Asks: 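I have a structure here, written as structure tokens, and I will follow up with some questions on it.
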Amino acid sequence: MTYSSRQFIQPHRSSCTRAFSTGLVGLALSLGLFTASTAHAAGEAVAKAINAIGEFTVFRTDGIQEQLEGKGSLPLYEGDRVTTGRGSQGLMEFTNGIQVALNEDTDFLILSRWESDKGITRILRLATGEVWVKTMGGPKPLEIETPVATAAVKSTEFALKVQPDGQTTLTVVEGIVEFGTAFGTCPIRTSTISYGNRGKKCTKPAPTNVSPTIAWTQGIRQ
Amino acid sequence: MKPYTKLSTPLLMIGLPLLIAANLTGCESMQGVFSPPKPEGLNTRVYSANESSNTVTVMDGDSYQVLGEIDTLNYGPHDLALSRDGKQLWVTNLANGRVTVIDTESRKPVASIYTGTRAHVVALTNNNKHAWVANIADNTISIIDTTIYRILGTIPVGKGPMGIAFSRDGKFAYVSTQDKMVNVIDTTAHQVIKQIPVGPNPHFLTLGPDGRIWGTNTGSNDLYVIDPATNEIAATIEVGPAPQQIAFALKGTAGPNAYVTVTGLNKVVVVNATSPTLSIREQIDVGEGPNGIWANAVGTTIYVGHTKSNNVMVIDTGTSQVSATLPVGKKPIRVVASR
């Protein structure tokens, strides 16, 4: 037998669905959920670049490129791609107080993840290069993605370096970092180092002298 | 017992027929009075991704009712993947490169994750621990932990990844790309180990009940089958212009059959999937722009989404007749159902 359920379904949908959708939109608004494009359109900067040595370039989602020269305050938005050139460095600060320094030849995207029970987690997707991260003023969720691993932090200081083949080196200066690949996670603690490689679990933490690892940040942080 | 006995004969003789008559009279307006409803959790749930209304429509696949519509909180929902337990629905959003995770019990989004430019399709690994998302414009696959929603890695593939499927044993992932290839990925190393040449605009990929990987060349008129033992094309068959997606179901004793949506014909073409060589069993007329298709768990019903007429048709595979047509959001491009 062939028949159409449209007559039975339409009234149900018109009454229930509209209210349901409206509720969800309201929920999203109340939680401050915005996509990359809407956050940018609304002009809500998530960070600012505050110092640059050499070539520090920001690629906006609409194709516009901006550069910071020396000290200043260049707003950064979700979806922005940030790069440094050879022999260049940069320093940026998120609105929640997280500081990130970029070493030379670094390239990352500013992203986020939203979860209904946790809110927004800031994410840096590091394609190549090296970053130093320090959280201040209590726990602040931040994650750094590389092609083969992710470092998740709340309150810590660490450096992360990505080779062109994706190999990732994590050095924790202070605190604890949840370091993981698709094949397993490794908690990495103060003054230890771990490596993430494609197709493998991150290596067990090994003691390391962190001072040389972050020596490059001295100039840009002044 | 005594009061009941005293009441018995005369009253029952009058009252019982009256009671039955009253119930029968009210039967039409009180459907289900005489047949107990299925337990809530056992009904088939069907979902459509409505690309132009940024929503997912929820349907009851057994009673043919639309139950609600969920805002993905993103733009251009395109593909869907349902966890084995039916509790998590993963939605790619093509326009803004994010994946929405929906809790199907509350029917609310619980996470929104940026994967890459033009997030196209999503597939859950066989153990459901990871979601793999193909990002067309980045030429990558993002791997997401399905518990903590964290991206754990990215695999570079060929140009324009369009479809993803996993082998039955989970050792290989197959990714179709716009450069007319299917990339074979070793899932233990996250490396592309082989590229298999296929036709123009290879799109949808899925694991068949025969353990082979079935795909369509949407840019031409055929589908192909890959043997995972050799990672070579084992068979092809012409089904009509712009074939889209494939589901597997039965027609009485015949089957499993591959049900293929063919946009250029406005038909579902039924291919015999039981023999090494493929043959067409029948063609079923459907609505305008058939694209998404899924079969219920027992293979007696298929659900077909139509991107032009904005509805999902429920088709009984035994008779090849349309059982119901459910209105959904705009441009329903993908349909999935609970197991």
Side-chain angles (χ1 to χ4, degrees), chain A residues 1-6 8-10 12-14 16-25 27-29 31 33-38 61 78-79 109-118 120-121 123 125 127 143 145-150 152 166 178 180-185 196 198-200, chain B residues 53 55 57-59 63-75 93 95-98 101 103 106-116 129-130 140 142-143 145 148-156 186-191 311 314 316 319 321-329:
Chain A
M1 188 174 76
T2 302
Y3 64 91
S4 168
S5 298
R6 185 184 293 273
F8 300 102
I9 292 155
Q10 192 61 46
H12 177 83
R13 182 167 181 256
S14 61
C16 276
T17 309
R18 193 177 300 136
F20 186 67
S21 299
T22 307
L24 278 179
V25 170
L27 174 69
L29 290 172
L31 287 170
L33 171 64
F34 297 103
T35 63
S37 55
T38 52
T61 54
E78 179 158 352
L109 280 172
I110 301 174
L111 304 170
S112 74
R113 178 179 66 248
W114 170 82
E115 292 170 76
S116 57
D117 57 344
K118 294 177 184 170
I120 289 175
T121 299
I123 295 170
R125 181 172 293 175
E143 293 177 11
E145 295 174 6
T146 78
V148 304
T150 297
E178 193 180 317
T181 71
F183 299 88
T185 58
R198 182 173 298 284
K200 294 178 181 173
Chain B
S53 53
T55 59
T57 300
V58 187
M59 293 156 273
S63 66
Y64 313 149
Q65 291 186 345
V66 173
L67 302 175
E69 201 161 335
I70 305 169
D71 191 330
T72 66
L73 307 180
N74 281 303
Y75 297 91
N93 294 275
N96 65 338
R98 298 186 80 97
V101 185
D103 170 46
S106 64
R107 294 186 203 157
K108 289 180 179 175
V110 292
S112 168
I113 308 148
Y114 182 85
T115 59
K129 286 185 176 176
H130 295 157
T140 58
S142 298
I143 300 166
D145 185 308
I148 57 175
Y149 311 133
R150 193 175 288 161
I151 293 180
L152 298 174
T154 306
I155 302 173
D186 176 349
T187 57
T188 63
H190 284 183
Q191 301 271 12
N311 58 37
V314 183
D316 168 40
T319 61
Q321 297 288 308
V322 176
S323 301
T325 303
L326 311 181
V328 296

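Naming convention: chains lettered A, B, ... in sequence-line order (proteins, then strands); numbering from 1 in each chain. These figures come from a predicted structure and were not determined experimentally.
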Asks: Of all the heavy-atom pairs spanning R198(A) and P156(B), show the shortest one and how long it is.
Replies: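 Shortest heavy-atom contact: NH2-CD, 3.7 Å.
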
Asks: How many angstroms lie between CG in N96(B) and OG1 in T61(A), if you round to the nearest 0.5 Å?
Replies: 11.5 Å

Asks: Rounded to the nearest 0.5 Å, what separates atom NZ in K200(A) from atom NE2 in H190(B)?
Replies: 13.5 Å

Asks: Taking the side chain as everything from C-beta on, heavy atoms only, tell me whether E115(A) gets closer than 4.5 Å to V101(B).
Replies: no

Asks: Could you measure the distance from the CZ atom of F183(A) to the CG atom of L152(B)? Nearest 0.5 Å is fine.
Replies: 10.0 Å

Asks: Under 4.5 Å from any heavy atom of chain B, what part of A182(A) do you find: side chain, backbone, both or neither?
Replies: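 Contact with chain B involves both backbone and side-chain atoms of A182(A).
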
Asks: Sort T140(B) into side chain, backbone, both or neither according to what part of it lies under 4.5 angstrom from a heavy atom of chain A.
Replies: neither

Asks: With rounding to the nearest 0.5 Å, note down the distance linking CD in E145(A) to OG1 in T154(B).
Replies: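 Taking CD in E145(A) and OG1 in T154(B), the distance rounds to 6.5 Å.
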
Asks: About how many Å separate CG of D145(B) and OG1 of T185(A), when rounded to the nearest 0.5 Å?
Replies: 9.0 Å

Asks: I need the residue from I113(B), V314(B), T115(B) with the largest number of non-hydrogen atom pairs under 4.5 Å to chain A.
Replies: T115(B)

Asks: Which value, rounded to the nearest 0.5 Å, describes the distance between L111(A) atom CG and I151(B) atom CD1?
Replies: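 Answer for the CG-CD1 pair, L111(A) versus I151(B), is 7.5 Å.
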
Asks: Check whether any side-chain N or O of R125(A) sits under 3.5 Å from a backbone N or O of Y114(B) as a donor-acceptor pair, and report yes or no.
Replies: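 Yes, because the side chain of R125(A) sits within donor-acceptor range (under 3.5 Å) of the backbone of Y114(B).
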
Asks: A side-chain contact here means heavy atoms from C-beta on lying under 4.5 Å apart; do L73(B) and W114(A) qualify?
Replies: yes

Asks: Taking all heavy atoms of R150(B) and all of R113(A), pick out the closest pair and write down the distance.
Replies: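 Here R150(B) and R113(A) meet closest at CA-NH1, 3.7 Å.
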
Asks: Which heavy atom of P109(B) sits nearest a heavy atom of S116(A), and at what distance?
Replies: O-CB, 4.0 Å

